[in-house]
Amino acid sequence: MANIIIVPGLAVRSFVVPAARRLARSGHRVELLPAPAWRGVPDDLAEYGRWLADEVLASADPVDLMIGLSVGTQAAAVAAARSDVRRLLLVSPTVEPSRRSRGRLLGSWLRGDDHPDSPSLRQQAPDWARAGARRIYRGMMSAIGLRLEDVLDGVSAELTMTHSGWDNLTSYAFAAALAADHGGRILELPEAPHSWPIGDEERFVTLVDALLAGDGPDD
């Protein structure tokens, strides 16, 4: 049984619950954390990562795999740089240099995934309400300022990146460069949305099991 921690994206978590539950049913111990910017946890991603390292990882058993989703990849990387994390899976990593401005990032975020499995506004609204517009805005601004490529310089965990073909927030070139520059691997998911693993829980579990077994991901 592996110890797995999942860091959701900015202010949204509900759509990750089915994948986390499916992973737990496969025999792993899974902790799906509160979403960054929710009340009760930091809205700044670097601060969230430090909170995760100091409050969660310090009192937990060794972490076999930490999974970051979207801007949660930035917080997860900060935590992994400060703690003993064996493997790091970054799904739809953010924020690439060409989108590091308020207007460009907000525009990309508002366009969403435009994918049949993408979470609806109705599904996400209760999660957003747990943060509030001001905290979401501060979280977004922190995502612009936190350079994932710099944070990963301090990470020693085994690194895997995924890039989804329907991703409006992250380009394949950015994800692939992050993996190549930091000794990691890149997995392409051509038909998946930025919000993967929504609607694709079985493949998610298969990937996690392969990483835990020490096997490289396959396309």
Side-chain angles (χ1 to χ4, degrees), residues 1-10 12-36 38 41 45 48-94 117 148 151-164 175 178-179 182-189 192-219:
M1 178 176 67
N3 186 26
I4 300 171
I5 291 178
I6 303 176
V7 183
L10 183 63
V12 289
R13 193 186 79 156
S14 60
F15 74 84
V16 189
V17 171
R21 288 176 174 169
R22 176 64 187 84
L23 196 56
R25 288 198 302 271
S26 71
H28 301 301
R29 182 167 54 196
V30 179
E31 183 174 5
L32 176 59
L33 297 178
W38 276 7
V41 298
L45 292 170
Y48 185 105
R50 293 190 292 268
W51 165 81
L52 172 53
D54 296 342
E55 301 295 329
V56 179
L57 301 184
S59 61
D61 292 334
V63 178
D64 298 294
L65 176 64
M66 181 177 291
I67 304 170
L69 310 176
S70 189
V71 300
T73 61
Q74 295 166 275
V78 170
R82 297 169 60 92
S83 307
D84 183 16
V85 174
R86 295 172 179 170
R87 302 170 186 86
L88 184 62
L89 173 60
L90 302 184
V91 176
S92 304
T94 61
D117 291 332
L148 184 54
V151 179
L152 287 174
D153 287 341
V155 173
S156 60
E158 177 185 295
L159 177 64
T160 301
M161 299 275 179
T162 73
H163 180 262
S164 300
L178 287 174
H182 296 90
R185 297 171 292 191
I186 182 72
L187 172 64
E188 294 185 73
L189 305 169
H194 177 82
S195 300
W196 194 81
I198 189 171
D200 201 7
E201 290 82 12
E202 291 300 325
R203 180 161 56 163
F204 177 63
V205 173
T206 298
L207 171 59
V208 167
D209 284 340
L211 295 179
L212 292 170
D215 299 331
D218 297 320
D219 291 342

Item to check | Met66: which of Leu89, Leu52, Val155, Asn3 passes side chain to side chain contact (heavy atoms under 4.5 Å, CB included) | outcome: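 Exactly one option meets the side chain to side chain contact (heavy atoms under 4.5 Å, CB included) with Met66, and it is Leu52.
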Item to check | Member of Ile4, Asp64, Leu65, Val205 meeting the side chain to side chain contact (heavy atoms under 4.5 Å, CB included) criterion with His28 | outcome: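 For His28, the side chain to side chain contact (heavy atoms under 4.5 Å, CB included) test succeeds with only one of Ile4, Asp64, Leu65, Val205, which is Ile4.
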Side-chain touch [X]/[Y], heavy atoms, less than 4.5 angstrom:
X	Y	answer
Thr160	Leu211	yes
Leu57	Ile5	yes
Leu69	Trp196	no
Leu88	Leu152	yes

If I compare all heavy atoms of [X] with all of [Y], which pair ends up nearest, and what's the gap?
X	Y	result
Ala175	His163	CB-CB, 4.2 Å
Pro36	Leu45	CB-CD2, 3.8 Å
Arg13	Pro8	CG-CG, 3.6 Å
Tyr48	Pro34	OH-O, 2.6 Å

Checklist entry - Is Ser83 reaching over with its side chain to a backbone N or O of Ala80, donor-acceptor style, under 3.5 angstrom? => result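 Not confirmed, Ser83 side chain does not pair with Ala80 backbone.
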Next on the checklist: For Ile67 and Val208: C-alpha separation, side-chain torsions, deciding distance, then whether side-chain contact (heavy atoms from CB on, under 4.5 Å) applies.
Outcome noted: CA-CA 9 Å; Ile67 304 170; Val208 167; 4.1 Å; yes
Checklist entry - Does the pair Thr162 and Leu207 meet the rule for a side-chain contact (heavy atoms from CB on, under 4.5 Å), with working shown? => result CA-CA 10 Å; Thr162 73; Leu207 171 59; 4.2 Å; yes
